[in-house]
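Notes follow once the structure below has been shown.
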Amino acid sequence: MTRNLFIALEGIDGSGKSTQIGLLKSNLENAGHKVYTTFEPTDGPIGKLIRDIFNHRIEADQRTIAGLFVADRLEHILNKKNGMLKKLEEGFTVITDRYYFSSYAYHGVHMPVDWVIQSNALAAGILRPDLNIFIDIDPETGMDRIRKGRNSLELFETLENQKKVRDKYFEVLEMLKNEENVFITNGNRFPEEIADEIWQKVKTIV
Ligand code: ADP
Ligand code: TYD
(Lines give C-alpha, C1' and ligand atoms only; values in the text may rest on other atoms or scores of the structure.)
(Ligands and ions follow the chains in the order given, each with its own letter.)
Protein backbone atom coordinates (compact mmCIF):
# COMPACT_ATOMS: atom_id res chain seq x y z
CA MET A 1 0.00 0.00 0.00
CA THR A 2 1.46 3.37 -1.03
CA ARG A 3 -0.64 5.49 1.33
CA ASN A 4 -2.50 4.92 4.57
CA LEU A 5 -5.78 3.13 4.61
CA PHE A 6 -8.96 4.99 3.61
CA ILE A 7 -12.28 3.42 4.63
CA ALA A 8 -15.86 4.58 3.96
CA LEU A 9 -18.83 3.52 6.08
CA GLU A 10 -22.14 3.33 4.26
CA GLY A 11 -25.72 2.51 5.13
CA ILE A 12 -29.18 4.01 5.52
CA ASP A 13 -29.83 6.48 8.33
CA GLY A 14 -29.62 4.82 11.72
CA SER A 15 -27.74 1.77 10.41
CA GLY A 16 -25.03 2.25 13.02
CA LYS A 17 -22.28 3.89 10.97
CA SER A 18 -21.08 6.28 13.63
CA THR A 19 -21.25 3.54 16.30
CA GLN A 20 -19.13 1.23 14.15
CA ILE A 21 -16.67 3.99 13.28
CA GLY A 22 -16.02 4.50 17.00
CA LEU A 23 -15.40 0.78 17.52
CA LEU A 24 -13.22 0.43 14.41
CA LYS A 25 -11.20 3.46 15.46
CA SER A 26 -10.48 1.82 18.86
CA ASN A 27 -9.45 -1.43 17.19
CA LEU A 28 -7.12 0.38 14.80
CA GLU A 29 -5.62 2.51 17.56
CA ASN A 30 -5.03 -0.53 19.75
CA ALA A 31 -3.14 -2.00 16.80
CA GLY A 32 -0.93 1.11 16.69
CA HIS A 33 -2.57 3.19 13.93
CA LYS A 34 -3.24 6.94 14.03
CA VAL A 35 -6.88 7.39 13.05
CA TYR A 36 -8.77 10.40 11.72
CA THR A 37 -12.57 10.16 11.49
CA THR A 38 -14.71 12.44 9.39
CA PHE A 39 -18.18 12.63 7.85
CA GLU A 40 -20.38 14.01 5.06
CA PRO A 41 -21.92 16.45 4.64
CA THR A 42 -18.88 18.28 6.07
CA ASP A 43 -18.81 21.21 8.47
CA GLY A 44 -17.62 23.45 5.63
CA PRO A 45 -19.74 26.18 3.99
CA ILE A 46 -21.39 23.91 1.43
CA GLY A 47 -21.98 21.19 4.02
CA LYS A 48 -23.77 23.75 6.18
CA LEU A 49 -25.94 24.75 3.26
CA ILE A 50 -26.85 21.09 2.67
CA ARG A 51 -27.83 20.72 6.33
CA ASP A 52 -30.08 23.78 6.05
CA ILE A 53 -31.85 22.04 3.17
CA PHE A 54 -32.16 18.76 5.12
CA ASN A 55 -33.56 20.59 8.12
CA HIS A 56 -36.19 22.31 5.97
CA ARG A 57 -34.74 25.81 6.48
CA ILE A 58 -33.96 26.23 2.75
CA GLU A 59 -35.74 24.63 -0.17
CA ALA A 60 -33.88 23.06 -3.10
CA ASP A 61 -34.66 20.47 -5.73
CA GLN A 62 -33.00 17.04 -5.76
CA ARG A 63 -30.64 17.77 -8.64
CA THR A 64 -29.36 20.86 -6.86
CA ILE A 65 -28.77 18.88 -3.66
CA ALA A 66 -26.84 16.23 -5.59
CA GLY A 67 -24.65 18.93 -7.15
CA LEU A 68 -23.96 20.48 -3.76
CA PHE A 69 -22.74 17.11 -2.47
CA VAL A 70 -20.22 16.94 -5.31
CA ALA A 71 -18.83 20.34 -4.32
CA ASP A 72 -18.82 19.45 -0.61
CA ARG A 73 -17.04 16.18 -1.38
CA LEU A 74 -14.23 17.90 -3.29
CA GLU A 75 -13.76 20.23 -0.32
CA HIS A 76 -13.77 17.17 1.95
CA ILE A 77 -10.97 15.58 -0.07
CA LEU A 78 -8.87 18.63 -0.88
CA ASN A 79 -9.18 21.12 2.01
CA LYS A 80 -5.62 22.24 2.76
CA LYS A 81 -5.95 21.99 6.54
CA ASN A 82 -8.20 19.03 7.28
CA GLY A 83 -8.99 17.50 3.89
CA MET A 84 -8.79 13.71 3.73
CA LEU A 85 -5.76 13.72 1.41
CA LYS A 86 -3.93 15.97 3.85
CA LYS A 87 -4.76 13.64 6.75
CA LEU A 88 -3.61 10.61 4.80
CA GLU A 89 -0.38 12.45 4.00
CA GLU A 90 0.07 13.19 7.72
CA GLY A 91 0.05 9.46 8.44
CA PHE A 92 -3.55 8.96 9.56
CA THR A 93 -5.79 6.07 8.65
CA VAL A 94 -8.94 7.92 7.52
CA ILE A 95 -12.50 6.68 8.11
CA THR A 96 -15.40 8.60 6.64
CA ASP A 97 -19.06 8.36 7.65
CA ARG A 98 -20.58 8.41 4.13
CA TYR A 99 -18.87 9.01 0.79
CA TYR A 100 -19.94 8.81 -2.83
CA PHE A 101 -21.92 5.55 -2.46
CA SER A 102 -24.28 7.60 -0.27
CA SER A 103 -24.84 9.96 -3.18
CA TYR A 104 -25.44 7.06 -5.56
CA ALA A 105 -28.02 5.56 -3.22
CA TYR A 106 -29.78 8.69 -1.94
CA HIS A 107 -29.80 10.62 -5.20
CA GLY A 108 -30.10 7.57 -7.44
CA VAL A 109 -33.61 7.24 -6.01
CA HIS A 110 -34.54 10.61 -7.53
CA MET A 111 -32.53 10.77 -10.76
CA PRO A 112 -30.64 8.47 -13.11
CA VAL A 113 -27.91 6.77 -11.12
CA ASP A 114 -25.48 7.15 -14.06
CA TRP A 115 -25.81 10.91 -13.75
CA VAL A 116 -24.89 10.73 -10.08
CA ILE A 117 -21.95 8.41 -10.74
CA GLN A 118 -20.67 10.67 -13.51
CA SER A 119 -20.97 13.76 -11.36
CA ASN A 120 -18.80 12.04 -8.75
CA ALA A 121 -16.20 10.72 -11.19
CA LEU A 122 -13.70 13.39 -10.24
CA ALA A 123 -13.94 12.58 -6.52
CA ALA A 124 -13.67 8.86 -7.23
CA GLY A 125 -10.65 9.52 -9.45
CA ILE A 126 -8.85 11.51 -6.77
CA LEU A 127 -9.59 9.34 -3.76
CA ARG A 128 -11.18 5.89 -3.85
CA PRO A 129 -11.79 3.96 -0.63
CA ASP A 130 -9.65 0.89 -0.01
CA LEU A 131 -12.80 -0.53 1.53
CA ASN A 132 -16.48 0.46 1.45
CA ILE A 133 -18.28 -1.05 4.42
CA PHE A 134 -22.04 -1.25 3.99
CA ILE A 135 -23.99 -1.85 7.19
CA ASP A 136 -27.31 -3.38 6.23
CA ILE A 137 -30.33 -3.07 8.50
CA ASP A 138 -34.01 -3.25 7.79
CA PRO A 139 -35.48 0.20 7.21
CA GLU A 140 -38.06 -0.16 10.01
CA THR A 141 -35.29 -0.66 12.55
CA GLY A 142 -33.41 2.32 11.13
CA MET A 143 -36.47 4.55 11.45
CA ASP A 144 -37.10 3.38 15.03
CA ARG A 145 -33.54 4.18 16.01
CA ILE A 146 -33.67 7.62 14.40
CA ARG A 147 -37.03 8.52 15.93
CA LYS A 148 -35.73 7.72 19.41
CA GLY A 149 -32.85 10.14 19.10
CA ARG A 150 -34.42 13.08 17.27
CA ASN A 151 -37.06 15.76 17.77
CA SER A 152 -37.49 16.32 14.05
CA LEU A 153 -36.72 14.28 10.96
CA GLU A 154 -34.56 15.38 8.03
CA LEU A 155 -35.54 15.54 4.38
CA PHE A 156 -34.81 11.93 3.39
CA GLU A 157 -35.83 10.34 6.67
CA THR A 158 -39.09 8.62 5.85
CA LEU A 159 -39.66 4.88 5.93
CA GLU A 160 -40.62 4.87 2.28
CA ASN A 161 -37.40 6.62 1.29
CA GLN A 162 -35.23 4.44 3.54
CA LYS A 163 -36.59 1.38 1.74
CA LYS A 164 -35.85 2.87 -1.68
CA VAL A 165 -32.37 3.98 -0.61
CA ARG A 166 -31.54 0.50 0.70
CA ASP A 167 -32.62 -1.04 -2.62
CA LYS A 168 -30.59 1.53 -4.54
CA TYR A 169 -27.53 0.82 -2.40
CA PHE A 170 -27.75 -2.86 -3.34
CA GLU A 171 -28.19 -1.96 -7.00
CA VAL A 172 -25.06 0.23 -7.09
CA LEU A 173 -22.97 -2.05 -4.87
CA GLU A 174 -23.66 -4.81 -7.38
CA MET A 175 -23.14 -2.52 -10.39
CA LEU A 176 -19.71 -1.33 -9.17
CA LYS A 177 -18.42 -4.48 -7.52
CA ASN A 178 -15.61 -4.85 -10.05
CA GLU A 179 -14.30 -1.34 -9.41
CA GLU A 180 -14.85 -1.02 -5.69
CA ASN A 181 -13.89 -3.08 -2.69
CA VAL A 182 -17.22 -3.58 -0.91
CA PHE A 183 -17.95 -5.43 2.30
CA ILE A 184 -21.55 -5.93 3.42
CA THR A 185 -22.30 -6.64 7.05
CA ASN A 186 -25.56 -7.44 8.81
CA GLY A 187 -26.38 -4.50 11.08
CA ASN A 188 -29.27 -6.21 12.89
CA ARG A 189 -26.96 -7.55 15.60
CA PHE A 190 -25.19 -6.38 18.72
CA PRO A 191 -22.70 -3.59 17.92
CA GLU A 192 -19.74 -5.64 19.23
CA GLU A 193 -20.56 -8.56 16.95
CA ILE A 194 -20.70 -6.28 13.91
CA ALA A 195 -17.49 -4.57 14.99
CA ASP A 196 -15.69 -7.91 15.26
CA GLU A 197 -16.68 -8.87 11.74
CA ILE A 198 -15.61 -5.47 10.39
CA TRP A 199 -12.30 -5.73 12.22
CA GLN A 200 -11.57 -9.17 10.76
CA LYS A 201 -12.18 -7.72 7.29
CA VAL A 202 -10.09 -4.57 7.85
CA LYS A 203 -7.21 -6.67 9.18
CA THR A 204 -6.95 -8.35 5.78
CA ILE A 205 -6.07 -5.05 4.07
CA VAL A 206 -4.33 -3.07 6.82
P1 ADP B 1 -25.83 6.18 11.84
O2 ADP B 1 -24.54 6.89 12.08
O3 ADP B 1 -25.74 5.15 10.77
O4 ADP B 1 -27.01 7.07 11.66
P5 ADP B 1 -25.68 5.52 14.69
O6 ADP B 1 -24.40 4.78 14.94
O7 ADP B 1 -25.74 6.97 15.06
O8 ADP B 1 -26.12 5.32 13.16
O9 ADP B 1 -26.83 4.72 15.40
C10 ADP B 1 -28.17 5.19 15.43
C11 ADP B 1 -28.80 4.79 16.77
O12 ADP B 1 -28.89 3.36 16.85
C13 ADP B 1 -27.98 5.23 17.97
O14 ADP B 1 -28.88 5.55 18.99
C15 ADP B 1 -27.19 3.97 18.33
O16 ADP B 1 -26.88 3.93 19.70
C17 ADP B 1 -28.13 2.86 17.94
N18 ADP B 1 -27.42 1.68 17.46
C19 ADP B 1 -26.31 1.65 16.69
N20 ADP B 1 -25.94 0.38 16.41
C21 ADP B 1 -26.86 -0.41 17.01
C22 ADP B 1 -27.04 -1.86 17.09
N23 ADP B 1 -26.20 -2.70 16.49
N24 ADP B 1 -28.09 -2.30 17.76
C25 ADP B 1 -28.96 -1.45 18.36
N26 ADP B 1 -28.85 -0.12 18.35
C27 ADP B 1 -27.80 0.41 17.67
P1 TYD C 1 -26.37 12.59 8.38
O2 TYD C 1 -26.86 13.51 9.41
O3 TYD C 1 -24.92 12.31 8.24
O4 TYD C 1 -27.08 11.15 8.46
P5 TYD C 1 -26.99 10.08 9.61
O6 TYD C 1 -28.38 10.06 10.19
O7 TYD C 1 -26.63 8.83 8.90
O8 TYD C 1 -25.95 10.49 10.59
O9 TYD C 1 -26.96 13.17 7.06
C10 TYD C 1 -26.60 12.70 5.91
C11 TYD C 1 -27.80 12.74 5.02
O12 TYD C 1 -27.36 13.11 3.75
C13 TYD C 1 -28.46 11.38 4.90
O14 TYD C 1 -29.86 11.53 4.86
C15 TYD C 1 -27.96 10.91 3.57
C16 TYD C 1 -27.76 12.17 2.81
N17 TYD C 1 -26.70 12.14 1.80
C18 TYD C 1 -27.04 12.36 0.51
O19 TYD C 1 -28.23 12.58 0.22
N20 TYD C 1 -26.08 12.37 -0.43
C21 TYD C 1 -24.79 12.15 -0.13
O22 TYD C 1 -23.93 12.17 -1.02
C23 TYD C 1 -24.44 11.94 1.23
C24 TYD C 1 -23.01 11.73 1.62
C25 TYD C 1 -25.44 11.95 2.17
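When a ligand or atom number is given, it counts from 1 through the structure's own listing order.
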Got an N/O contact under 3.5 Å between Gln20 and ligand 1? no

Please indicate whether any nitrogen or oxygen in Phe190 is less than 3.5 Å from any nitrogen or oxygen in ligand 1. no

Please determine whether any non-hydrogen atom of Gly149 lies less than 4.0 Å from an atom of ligand 1.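 The answer is no: ligand 1 sits nowhere under 4.0 Å from a heavy atom of Gly149.
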
Below 4.0 Å from any atom of ligand 1, is there a heavy atom belonging to Gly11?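 Gly11 does not count as a contact of ligand 1 under the 4.0 Å cut-off.
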
Just to confirm my output: which protein heavy-atom neighbour is closest to [atom], and how far is it?
| atom | result |
| --- | --- |
| atom 19 (C) of ligand 1 | Thr19 OG1, 3.3 Å |
| atom 4 (O) of ligand 1 | Gly14 N, 3.0 Å |
| atom 2 (O) of ligand 1 | Ser18 N, 3.0 Å |
| atom 26 (N) of ligand 1 | Arg145 NE, 3.5 Å |

Less than 4.0 angstrom from a charged side-chain N to a carboxylate O is my criterion; do Arg147 and Asp144 meet it? yes

Is Lys201 salt-bridged to Glu197, going by a charged N under 4.0 Å from an acidic O?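 No, no charged N to carboxylate O under 4.0 Å.
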
Scan Phe183, Tyr104, Phe101, Phe170 and name whichever one has a ring-ring contact (aromatic ring centres under 6.0 Å, His included) with Phe134. Phe170

Is there a donor-acceptor contact under 3.5 Å from the side chain of Gln20 to the main chain of Pro191?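 Judged by distance alone, yes, a pair lies under 3.5 Å.
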
Any side-chain donor near an acceptor of the partner, [X] and [Y], under 3.5 Å:
| X | Y | answer |
| --- | --- | --- |
| Thr141 | Asp138 | yes |
| Thr158 | Asn161 | no |
| Glu10 | Asn132 | no |

Would you say atom 7 (O) of ligand 1 makes contact with the protein, given that contact here means a non-hydrogen protein atom less than 4.0 Å away? yes

Nearest protein heavy atom to atom 13 (C) of ligand 1: under 4.0 Å?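 It does not; no protein heavy atom is within 4.0 Å.
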
With a heavy-atom distance limit of 4.0 Å, tell me whether Arg189 approaches ligand 1 through its side chain, its backbone, both, or neither. backbone

Using 30° and 60° as the class boundaries, would you call the ring planes of His107 and Phe69 parallel, tilted or perpendicular?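 Rings of His107 and Phe69: tilted, as their planes differ by 30° to 60°.
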
Ring-plane angle category for Tyr106 and Tyr169, please: parallel below 30°, perpendicular beyond 60°, tilted otherwise. perpendicular

As a test of reading the model: which N/O atoms of the protein lie under 3.5 Å from N/O atoms of ligand 2, and at what distance?
residue: ligand 2; atom: 2 (O); partner: Arg51; partner atom: NH1; Å: 3.4
residue: ligand 2; atom: 4 (O); partner: Asp13; partner atom: OD1; Å: 3.4
residue: ligand 2; atom: 6 (O); partner: Asp13; partner atom: OD1; Å: 3.3
residue: ligand 2; atom: 6 (O); partner: Arg150; partner atom: NH2; Å: 3.1
residue: ligand 2; atom: 7 (O); partner: Asp13; partner atom: OD1; Å: 3.4
residue: ligand 2; atom: 7 (O); partner: Lys17; partner atom: NZ; Å: 3.1
residue: ligand 2; atom: 7 (O); partner: Arg98; partner atom: NH2; Å: 3.1
residue: ligand 2; atom: 14 (O); partner: Asp13; partner atom: OD1; Å: 3.3
residue: ligand 2; atom: 19 (O); partner: His107; partner atom: NE2; Å: 3.1
residue: ligand 2; atom: 20 (N); partner: His107; partner atom: NE2; Å: 2.7
residue: ligand 2; atom: 22 (O); partner: Arg73; partner atom: NH2; Å: 2.9
residue: ligand 2; atom: 22 (O); partner: Ser103; partner atom: N; Å: 3.2
residue: ligand 2; atom: 22 (O); partner: Ser103; partner atom: OG; Å: 2.3

Roughly how far, to the nearest 0.5 Å, is the CG atom of Leu68 from the CZ atom of Arg63?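 Arg63 CZ to Leu68 CG: 13.5 Å, rounded to 0.5 Å.
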
Measure the spacing between CD1 of Ile194 and OG1 of Thr19 and express it to the nearest 0.5 Å.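 These two atoms lie 8.5 Å from each other.
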
Could you give the side-chain donor-acceptor pairs of residues 34-47 under 3.5 Å, partners two or more places apart or in another chain?
residue: Lys34; atom: NZ; partner: Glu90; partner atom: O; Å: 3.0
residue: Thr38; atom: OG1; partner: His76; partner atom: NE2; Å: 2.7
residue: Glu40; atom: OE1; partner: Arg73; partner atom: NE; Å: 2.9
residue: Glu40; atom: OE1; partner: Arg73; partner atom: NH2; Å: 2.6
residue: Glu40; atom: OE2; partner: Arg73; partner atom: NE; Å: 3.4
residue: Glu40; atom: OE2; partner: His76; partner atom: ND1; Å: 2.9
residue: Thr42; atom: OG1; partner: Gly44; partner atom: N; Å: 3.0
residue: Thr42; atom: OG1; partner: Asp72; partner atom: OD1; Å: 2.5

Any idea which atoms of ligand 1 are less than 4.0 Å away from a heavy-atom of Ile194?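 Under 4.0 Å from Ile194, ligand 1 has these atoms: 23 (N).
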
For Lys17, atoms of ligand 1 separated by under 4.0 Å from a heavy atom: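 Atoms satisfying the 4.0 Å criterion: 1 (P), 2 (O), 3 (O), 4 (O), 6 (O), 8 (O).
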
